[in-house]
Amino acid sequence: MLTTGAAVNWAGNIRYGAARVHRPGSVGELRRIVASADRVRALGTGHSFNPIADTSGDLVRLDGLPREVDIDPRAMTATVGAGMRYAEVAERLQVAGYALANLASLPHISVAGACATGTHGSGETQRGLAAAVAGLETVGPEGDLTVLTRADDPERLNGSVVGLGALGIVTSVTLDIEPAYEIAQRVYTGFPLDRLGADFDAVASAAYSVSVFTDWRGEAMVWLKRRTGGPEDGGSGGAAPEEWLGARLAAGPQHPVPGMPPAYCTDQSGTPGPWHERLPHFRPAFTPSKGAELQSELLLPRGAAAEAFAALRELGELMAPVLQVSEIRTVAGDDQWLSPAQGRDSVALHFTWSQDTPAVLSAVAAMEERLMPLGARPHWGKLTTTAPEEITARYEHAAAFRALLAESDPAGKFRNPYVDALFPPL
Ligand SMILES: Cc1cc2nc3c(=O)[nH]c(=O)nc-3n(C[C@H](O)[C@H](O)[C@H](O)COP(=O)(O)OP(=O)(O)OC[C@H]3O[C@@H](n4cnc5c(N)ncnc54)[C@H](O)[C@@H]3O)c2cc1C
């Protein structure tokens with residue numbers, strides 16, 4: 001199906017320049033669209049904040065393809081439609097008694113779009129979402145259909161999952177699964193920022209998944225998502241002390257963004273519940289985060305955390321006019337070539353900004369001037385002011401990815417200006 005009208009991203013700051021937007025109802029229809037296109041890209045749910053998904057030619061949305069979740073209990077994998085949102089995949093896995101290891105802060109995003117940009121959740125032992133990918137089915141430039149699996153070609157898979165949408169249109173993704181489990185979430189407020197650097201290891205390892213929210217000027221709020229029966233709660237479900245590391249158990253439910261309704265967020269009462277109803281901060285039926293916002297994020301080597309926190313506290317006043325909230329998470333290192341956590345355990349420093357693009361970019365530039373020298377890598381789906389060649393210089397597999405692009409798409413059908421700037425055609 002061909003849809004008309006300009007497509008914009010979720011935040012409304014990017015108007016895609018595609019001549020046509022398609023919503024194919026079958027893989028066969030998608031293959032024909034790709035085969036006859038000069039330039040073509042997939043659009044997931046449009047939650048990226050930059051023109052990564054854009055094309056001057058044909059944009060294809062995959063949410064019209066059959067929404068299949070095919071569970072293989074022997075392999076402990078589920079093969080899911082690439083355009084499906086994590087919310088629906090998670091719900092269907094849970095009903096069948098299975099789970100994913102982790103989720104991002106929101107379940108609204110598509111599986112392929114999230115993996116293509118290196119999207120991550122939080123947790124000392126938790127890698128980015130792309131690390132759970134055991135296989136991909138992709139439509140190539142001639143409309144050809146290829147299947148790539150971890151078992152058959154692990155190195156090529158590591159190069160392809162965080163593919164920035166430039167290696168073809170992914171039609172299905174095979175994900176590692178595990179038996180369903182429960183999470184209990186609690187929130188502590190009033191965490192003193194003075195303690196953050198010294199106590200960060202204790203904070204980050206206090207639960208299966210931990211998020212710290214702050215504006216870098218006042219105090220911090222810590223969201224602890226404990227896996228019940230896990231080592232950090234001694235198997236008890238996690239009795240919560242009223243006071244913890246100088247912070248207090250929150251008096252009631254919280255939202256990460258000041259002034260937003262806590263009812264939009266997942267349960268924080270400490271009552272154990274299904275993994276997918278606790279790991280994301282935001283419930284699928286509501287707007288995640290604020291909506292009127294821009295975002296940027298840097299992933300740094302874990303050892304640089306304290307130095308980065310000190311720099312950000314110095315920038316607190318400068319960022320204040322445009323910063324809504326900042327989130328600190330940890331991500332375990334992985335092997336995906338373009339994962340911002342490739343080869344190193346990382347601390348992820350996220351910024352939810354206001355929608356004043358010029359003022360936000362000026363704040364991002366000031367922040368990146370301090371943090372890029374610490375070895376930071378920007379999130380592929382968010383805003384950055386760092387030059388493309390400086391970004392790719394931070395990836396040991398950048399040259400291999402460039403070669404993979406040239407081999408998989410010799411005519412550059414899936415390229416766009418965002419990709420060209422990072423990985424110029426060979
Ligand atoms: C409110 C909010 C909260 C967020 N929270 C987090 C978070 O917790 N952690 C985090 O890391 N990020 C987070 N993000 C960023 C978000 O996860 C990424 O921008 C992600 O790419 C969004 O997925 P999408 O489906 O919207 O992708 P899109 O923005 O639609 O596309 C992203 C890229 O994926 C490609 N793509 C999409 N589908 C396919 C396909 N089928 N085949 C090939 N390529 C494809 C596109 O071409 C494009 O290059 C958040 C964003 C928002 C708006």
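The analysis underlying the following values was restricted to heavy atoms, covering all of them including side chains, and did not include hydrogens, waters or symmetry mates. Read the numbers this way: they start at 1 and go in the same order the structure lists the ligands and their atoms. Because the structure is a prediction, the values reported are computed rather than measured.
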Item to complete: Check each atom of ligand 1 against the heavy atoms of Ile52 and keep those under 4.0 Å away; list them by number with element.
Response: 49 (O)

Discussion item. Return the closest protein heavy atom for atom 3 (C) of ligand 1 as residue, atom name and distance.
Written reply: Leu106 CD2, 3.5 Å

Discussion item. Quick check on contacts: which atoms of ligand 1 are under 4.0 angstrom from a heavy atom of Leu62?
Written reply: 41 (N)

Discussion item. Using heavy-atom distances only, which candidate in Gly118, Gly291, Ala116 approaches atom 34 (O) of ligand 1 most closely?
Written reply: Ala116

Worksheet entry | Distance from atom 27 (O) of ligand 1 to nearest protein heavy atom, with residue and atom | Gly113 CA, 3.5 Å

Discussion item. Within the 3.5 Å criterion, strictly below it, is a donor on Trp337 or Gln342 matched to an acceptor on the partner's side chain?
Written reply: no

Fill in: SB check Arg156 Glu407 (cutoff 4.0 Å)
yes

Worksheet item: Taking NZ, NE, NH1 and NH2 as the nitrogens, is one of them in Arg377 or Glu390 under 4.0 Å from a carboxylate oxygen of the other?
Response: no

Item to complete: Kindly identify the option in Cys115, Gly168, Ser48, Ala11 whose heavy atom sits closest to atom 43 (C) of ligand 1.
Response: Gly168

Worksheet item: Do any nitrogen or oxygen atoms of Ser110 lie less than 3.5 angstrom from nitrogen or oxygen atoms of ligand 1?
Response: yes

Worksheet item: Any Lys/Arg nitrogen of Arg67 or Glu88 sitting under 4.0 Å from an Asp/Glu carboxylate oxygen of the other?
Response: yes

Worksheet entry | N or O contact, Ser289 vs ligand 1, cut-off under 3.5 Å | no

Worksheet item: Within less than 4.0 angstrom of ligand 1, does His350 place any heavy atom?
Response: no

Item to complete: Identify, by atom number and element, the atoms of ligand 1 in contact range of Thr117, meaning under 4.0 Å from any of its heavy atoms.
Response: 18 (C), 20 (C), 21 (O), 32 (C), 33 (C)

Discussion item. One thing to verify: whether Glu29 and Arg31 come together as a salt bridge, which I'm taking to mean a side-chain N less than 4.0 angstrom from a carboxylate O.
Written reply: no

Discussion item. Considering Val331, Leu30, Thr119 one by one, which has a heavy atom nearer to atom 16 (C) of ligand 1 than any of the others?
Written reply: Thr119

Discussion item. Can you tell me how the ring of Phe309 sits relative to the ring of Phe200, calling it parallel under 30°, perpendicular over 60° and tilted otherwise?
Written reply: perpendicular

Discussion item. For Lys413, is there an ion pair with Asp58 - N to carboxylate O distance below 4.0 angstrom?
Written reply: no

Discussion item. Can you confirm if the NZ or CZ of Arg226 lies within 45° of the ring axis of Tyr208 and under 6.0 Å from the centre of its six-membered ring?
Written reply: no

Response to the item:
Ile109 heavy atoms within 4.0 Å reach ligand 1 at atoms 17 (O), 22 (C), 23 (O)

Practice prompt. Report yes if Phe49 has an N/O atom closer than 3.5 Å to an N/O atom of ligand 1; otherwise report no.
Written response: no

Fill in: Glu293-ligand 1 polar pair, N/O distance under 3.5 Å
no

Worksheet item: Is any side-chain N of the basic residue among Glu307 and Arg370 closer than 4.0 Å to the acidic one's carboxylate O?
Response: no

Worksheet item: Can an N or O of Val170 be found at a distance shorter than 3.5 Å from an N or O of ligand 1?
Response: yes

Discussion item. I'd like to check whether Leu164 has a polar contact with ligand 1, where a contact means an N/O of the residue lying under 3.5 Å from an N/O of the ligand.
Written reply: yes

Worksheet entry | Spacing of Thr119 atom OG1 and Tyr86 atom OH [to the nearest 0.5 Å] | 7.5 Å

Worksheet item: Quick one: which ligand 1 atoms are inside 4.0 Å of a heavy atom on Ser105?
Response: 3 (C), 4 (C), 5 (N), 6 (C), 7 (C), 8 (O)

Fill in: Numbering as shown, the atoms of ligand 1 that approach His120 to under 4.0 Å (heavy-atom distance)
7 (C), 8 (O), 9 (N), 10 (C), 11 (O)

Worksheet item: Under a 4.0 Å N-O cut-off, is there an ion pair linking Asp409 with Arg415?
Response: no

Practice prompt. Could you check which of Gln295, Arg85, Arg61, His47 puts a non-hydrogen atom nearest to atom 2 (C) of ligand 1?
Written response: Gln295

Worksheet item: Quick one: which of Ala42, Ala114, Gly44 has a heavy atom closest to atom 23 (O) of ligand 1?
Response: Ala114

